[in-house]
> 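First the structure, then my questions, so here it is.
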There are 2 protein chains.
Amino acid sequence: MNSRQGDDMKEIRRGRETGTLGKLMALVDLVALADRPMRFTDILSLSDQPRGTLHRQLSHLVEEGLLETDRDGCYLPGIRLLSLASRSWARNEFRTVAEPHLRLLQAQTGETVHLGVLRGTEVIYLDKVEGRQSVRMYSQIGNASPAYCTGVGKAALSALDDISFEARVAGLEFHAYTEHTHRSVAGLRADIEDIRRRGCAFDREEHESGICCVAAPIHSDDNEMLAGVSVTGPAYRVTSEKLQEWAPLVRAAAAAIMQDMQSRLGPRR
Amino acid sequence: MNSRQGDDMKEIRRGRETGTLGKLMALVDLVALADRPMRFTDILSLSDQPRGTLHRQLSHLVEEGLLETDRDGCYLPGIRLLSLASRSWARNEFRTVAEPHLRLLQAQTGETVHLGVLRGTEVIYLDKVEGRQSVRMYSQIGNASPAYCTGVGKAALSALDDISFEARVAGLEFHAYTEHTHRSVAGLRADIEDIRRRGCAFDREEHESGICCVAAPIHSDDNEMLAGVSVTGPAYRVTSEKLQEWAPLVRAAAAAIMQDMQSRLGPRR
DNA sequence: CTTCTTGTTCCATTATTTGGAACTCAATTT
DNA sequence: AAATTGAGTTCCAAATAATGGAACAAGAAG
């Protein structure tokens, strides 16, 4: 109708398209998040672009190595992504500072230790330290999971004050991964309040059946960075008593990481 | 002069800029390859863009999560890279097919096993299986190293015919990582000829002092995909005799991976 | 053989990027 | 205190790149 409405729309849209790059990255996401190689036509139907346009966009992405094509002409995520990520991971300051503490915590508990950062309402796992049973290292690194049903995610959320918390979870959709998953903001809110009091979060099979964890929040003083550290294991080994027993250790690890971050960041500038 | 020359130039240029995306990815590279957080002005001096332009480009990259800024305003690789890479890695067909063979080879030799693919004249490591001593898993995954001084790289190159080999290494610059590193195409060429005859490549401290390896080539029948698998270890443990002893095992692993790839790709289509 | 489906190329139109200059805001020097 | 420098940000006419419709290939299905 009028131009004001148009402007409002623009501002409301979360991922406001960053010109050309935004459209291209949306395609990369589309291909990377799909769980099978995508044909040209598959992508065409999911992205509403004209054929000619889409074709050129994909060509550019392939040329830059962000996507690849297999011999059937299907599109896959490109290897250049791995290459770029490996460097960013190896030199990530937060991760390198936290690493020794993760190892200590792993040694103390014998179970798998995770480090994750909050990104909107998702947790992205930055590191993982496993014990002997080397099932598959790394598999979790880089993974994104919902904050509301993971220990690390809930711990990170608990560092927010009420107003920031509500702003962040507004409009969040709850997916019932298990019968214990929170189904509404109300349930999550109550849990978060407990977590604030307790200083650590429990995940009792909320994200995956048979998997429990205890996590503690890590955050910068201005809450610009929200993260968490957790100890995870199978429910038959990780009983409620174990979770209680490990809670102080996890809190201590989180505290140590926060302190190291401060002393690392302070003097630098 | 004439248009032919122009066309030739275009074809010769490796990273021909893909319009907007090419320029932006060049910036991502610049930031990701630097070994310290980059200030706006640092980037300004390295990329020859006007200030205004560069500023908008970086803003877009940050908005899309490919880059991030720390509290000092320095630019770092973004966490979204990790997230995208993790998905591409987890579902990489070649890697998943190869994985069991890498594990077997690791068990047979007790040393670290690598899987890498050739990209131009660089090897990118796709997977790594280590034994007990869990120094730092993953660290190598995604890493790019020159083909001419790594076992995997030389093995992959050996699958090329003479013409393709010369075309690929034309203009290659040799950096002397150790005293054993090849310094010229001539030396590399001779080595490659031996590798072709032998069916496997040796790296005797050519890339890193004190590190030796034996590698075998993996390639699709049309040589569109060139890769290699290797067993690596410290020189004091990995003697020449060991390398000879492991050579058949490595060749067998490579052969098995090739066969699995074929039977996987064949029926699919 | 004809008709779909899938993928590729072309080019005038349209929208985005460009780059120079002007501006802000500290920190440093005079 | 005023002036100068350095670092980063914003603006807008001009240059450039992206767009999208249509036409063109090339198989596969009917």
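Values reported hereafter were calculated over all heavy atoms of this structure, with side chains retained and with hydrogens, waters and symmetry mates removed.
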> Is there side-chain contact between B/Ile43 and B/Tyr75, with at least one heavy-atom pair below 4.5 Å?
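Yes, side chains in contact.
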> Tell me: CG of A/Leu61 to P of D/dA18, nearest whole Å?
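Checked: the CG to P distance equals 11 Å.
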> So does B/Thr20 get a side-chain nitrogen or oxygen closer than 4.0 Å to the phosphate oxygens (OP1/OP2) of D/dT16?
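Checking B/Thr20 against D/dT16: no side-chain N or O falls below 4.0 Å of OP1 or OP2.
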> Please determine if a side-chain N or O atom of A/Gln57 lies less than 4.0 Å away from the OP1 or OP2 oxygen of D/dT19.
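Affirmative; the distance criterion is met.
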> Calculate the interatomic distance between B/Lys23 atom NZ and D/dA15 atom C1'; express it in whole Å.
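Those two atoms, NZ and C1', are 11 Å apart.
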> Indicate yes or no: does A/Arg87 engage B/Asp29 in a salt bridge with an N to O separation below 4.0 Å.
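The answer is no: the pair does not qualify as a salt bridge.
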> Please lay out, stage by stage, how A/Asp70 and B/Glu93 fare under the test side chain to side chain contact (heavy atoms under 4.5 Å, CB included).
CA-CA 10 Å; A/Asp70 64 16; B/Glu93 193 171 24; 5.9 Å; no
> Take the protein atom CG of A/Leu54 and the nucleotide atom P of C/dT8, then report the distance between them rounded to whole Å.
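From A/Leu54 CG to C/dT8 P: 11 Å.
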> Distance from A/Thr150 atom OG1 to A/Asn143 atom CG, nearest 0.5 Å?
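The distance works out to 11.5 Å.
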> Just how far is it from atom CG of B/Leu61 to atom CG of B/Leu27, taken to the nearest 0.5 Å?
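Going from the CG atom of B/Leu61 to the CG atom of B/Leu27 covers 6.0 Å.
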> Check the distance between D/dA17's P and A/Leu21's CG and give it to me in whole angstrom.
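Between P of D/dA17 and CG of A/Leu21: 16 Å.
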> In this structure, how many angstroms lie between the P atom of C/dT16 and the CD atom of B/Glu63, rounded?
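Taking atom P of C/dT16 as the reference, CD of B/Glu63 is at 14 Å.
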> In whole angstrom, what separates A/His60's NE2 from C/dT9's P?
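For the pair A/His60 NE2 and C/dT9 P, the rounded distance is 12 Å.
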> Reading nucleotides 6-12 of chain D from the 5' end, what letters show protein touch, with B for base, S for backbone sugar-phosphate only, - for no heavy atom under 4.0 Å?
-SBBB--
> Atom NZ of B/Lys128 and atom CG of B/Leu102: how far apart are they, to the nearest 0.5 Å?
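Answer for the NZ-CG pair, B/Lys128 versus B/Leu102, is 13.0 Å.
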